[in-house]
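What follows is a short report on a single structure.
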Amino acid sequence: MSIGIEAEKIYKSFGEPAQIVLQDVSLSINVGDFVALTGKSGSGKSTLLYIVSGLDFPSSGDVKLSGKSLQQMDSKELHALRNHSIGFVFQFHYLLPELTGLENITMPARKTGNHKQVEEYALHLMDSFSVFHCKDKFPSQMSGGEGQRVAIARALVQKPKFLFADEPTGNLDTSNGDKVMDIFKKINSDDGTTILFVTHDPDYAATANQRIHMIDGKIAEIS
Ligand SMILES: Nc1ncnc2c1ncn2[C@@H]1O[C@H](COP(=O)(O)OP(=O)(O)OP(=O)(O)O)[C@@H](O)[C@H]1O
Ligand SMILES: [Mg+2]
């Protein structure tokens with residue numbers, strides 16, 4: 001079993017005087033794992049998720065993805081990693097309002113120049129997430145659940161090794177939240193995508209292989 005995500009002695013502080021938000025956080029997640037990150041509001045979940053996904057940097061400590069240290073990568077390597085190996089889903093979908101559903105999903109591929117090849121895969125994802133009918137719709141014409149499923153398709157279109165999600169069901173009703181979790185389970189088991197997601201919902205946390213619980217910027221329990 002190889003290690004997918006590794007964090008070693010992460011500290012993060014903000015501001016002056018420094019407010020310590022993450023304190024001595026170490027974790028290790030195997031390739032193919034499906035892990036929930038839980039904890040009260042303000043416990044540091046989003047901050048940790050941003051740091052292990054390379055969207056933000058720790059004040060000290062090291063993060064490795066597939067054995068490669070993010071701190072040692074230059075900006076070109078980091079960009080390549082973000083574009084090819086990492087998918088990120090936010091609580092609010094942040095689709096671009098002036099682009100259609102399909103255009104939003106193929107956006108990440110435009111940057112890497114394989115736009116045409118991914119269009120077919122994007123349509124396949126839309127179909128399997130029940131949002132094929134949103135192909136030519138703009139985000140303002142989609143429901144919250146549809147928008148979130150389009151955003152998940154966007155995060156997956158490059159077939160990333162890692163999917164990070166910050167309360168992906170936080171703004172959805174139970175039925176749409178369940179659909180999102182079903183999609184996560186399916187891509188985890190079918191494609192072996194390693195998933196780390198933040199949730200406040202104990203039922204969703206229970207469906208993960210592992211739960212990492214945070215209290216006051218520290219890992220309190222792994223179960
Ligand atoms: N950019 C920032 N500048 C200053 N303080 C920050 C910043 N980002 C987060 N914090 C602080 O760090 C702490 C942890 O925030 P974080 O967003 O990680 O919590 P969380 O566990 O995700 O909470 P929630 O469940 O409400 O989303 C909070 O006290 C927050 O105010
Ligand atoms: Mg948060």
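- The two atoms that bring Asp203 and Asp201 nearest to each other are N-OD1, 2.8 Å, heavy atoms only.
- Residues Ile105 and Ala122 approach most closely at CG2-CB, 3.6 Å, considering heavy atoms.
- Neither side chain, Asp33 nor Thr194, offers a donor N or O lying under 3.5 Å from an acceptor on the other.
- Taking the ring centre of Phe129 as origin, the terminal cationic atom of Lys179 falls outside the region bounded by 6.0 Å and 45° from the ring axis.
- Follow the hydrophobic side-chain contacts under 4.5 Å out from Leu27 and you reach Leu55 in the same cluster.
- Contact check for Asn171 versus Asn176: no side-chain heavy atoms found under the 4.5 Å cut-off.
- A 4.5 Å side-chain heavy-atom check between Ser223 and His213 finds every atom pair outside the cut-off.
- Pairing each heavy atom of Thr169 with each of Gly177, the nearest pair is CG2-O, 3.6 Å.
- Taking Phe88 as the reference, Tyr50, Phe90 meet the ring-ring contact (aromatic ring centres under 6.0 Å, His included) condition, with sequence neighbours excluded.
- Lys161 has its side chain out of reach of Thr193: every pair of non-hydrogen atoms, C-beta onward, lies at least 4.5 Å apart.
- Taking the side chain as every heavy atom from C-beta outward, Glu167 and Thr199 never approach each other to under 4.5 Å.
- Ring-centre distance between Phe34 and Phe197: below the 6.0 Å cut-off.
- Closest approach of Thr38 and Ala205 over heavy atoms only: CG2-CB, 3.9 Å.
- Using a 4.5 Å heavy-atom cutoff, the side chains of Gln210 and Ile222 are in contact.
- Surrounding CG of Asp191 are more than 12 heavy atoms belonging to other residues, nucleotides or ligands, all under 6.0 Å away.
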Going through the checks in order, is the salt bridge (charged side-chain N to carboxylate O under 4.0 Å, His left out) test met by Lys68 and Glu77? CA-CA 11 Å; Lys68 289 198 79 180; Glu77 283 178 292; 3.2 Å; yes

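- In this structure the side chain of Gln23 reaches within 4.5 angstrom of the side chain of Ile20, judged on heavy atoms.
- A donor and an acceptor atom, one from each side chain of Thr100 and Asp136, are nowhere located under 3.5 Å apart.
- A donor-acceptor contact shorter than 3.5 Å is absent between the side chain of Arg154 and the backbone of Thr106.
- Residues Ser69 and Asp62 come closest through the heavy atom pair OG-OD1, 2.9 Å.
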Donor-acceptor contacts under 3.5 Å from residues 10-19 side chains, at least two apart:
| from | atom 1 | to | atom 2 | distance (Å) |
| --- | --- | --- | --- | --- |
| Lys12 | NZ | Asp56 | OD1 | 3.4 |
| Lys12 | NZ | Asp56 | OD2 | 3.4 |
| Lys12 | NZ | Phe57 | O | 2.7 |

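- Residues Val89 and Ala155 share a closest heavy-atom pair of CG2-CB, 3.7 Å.
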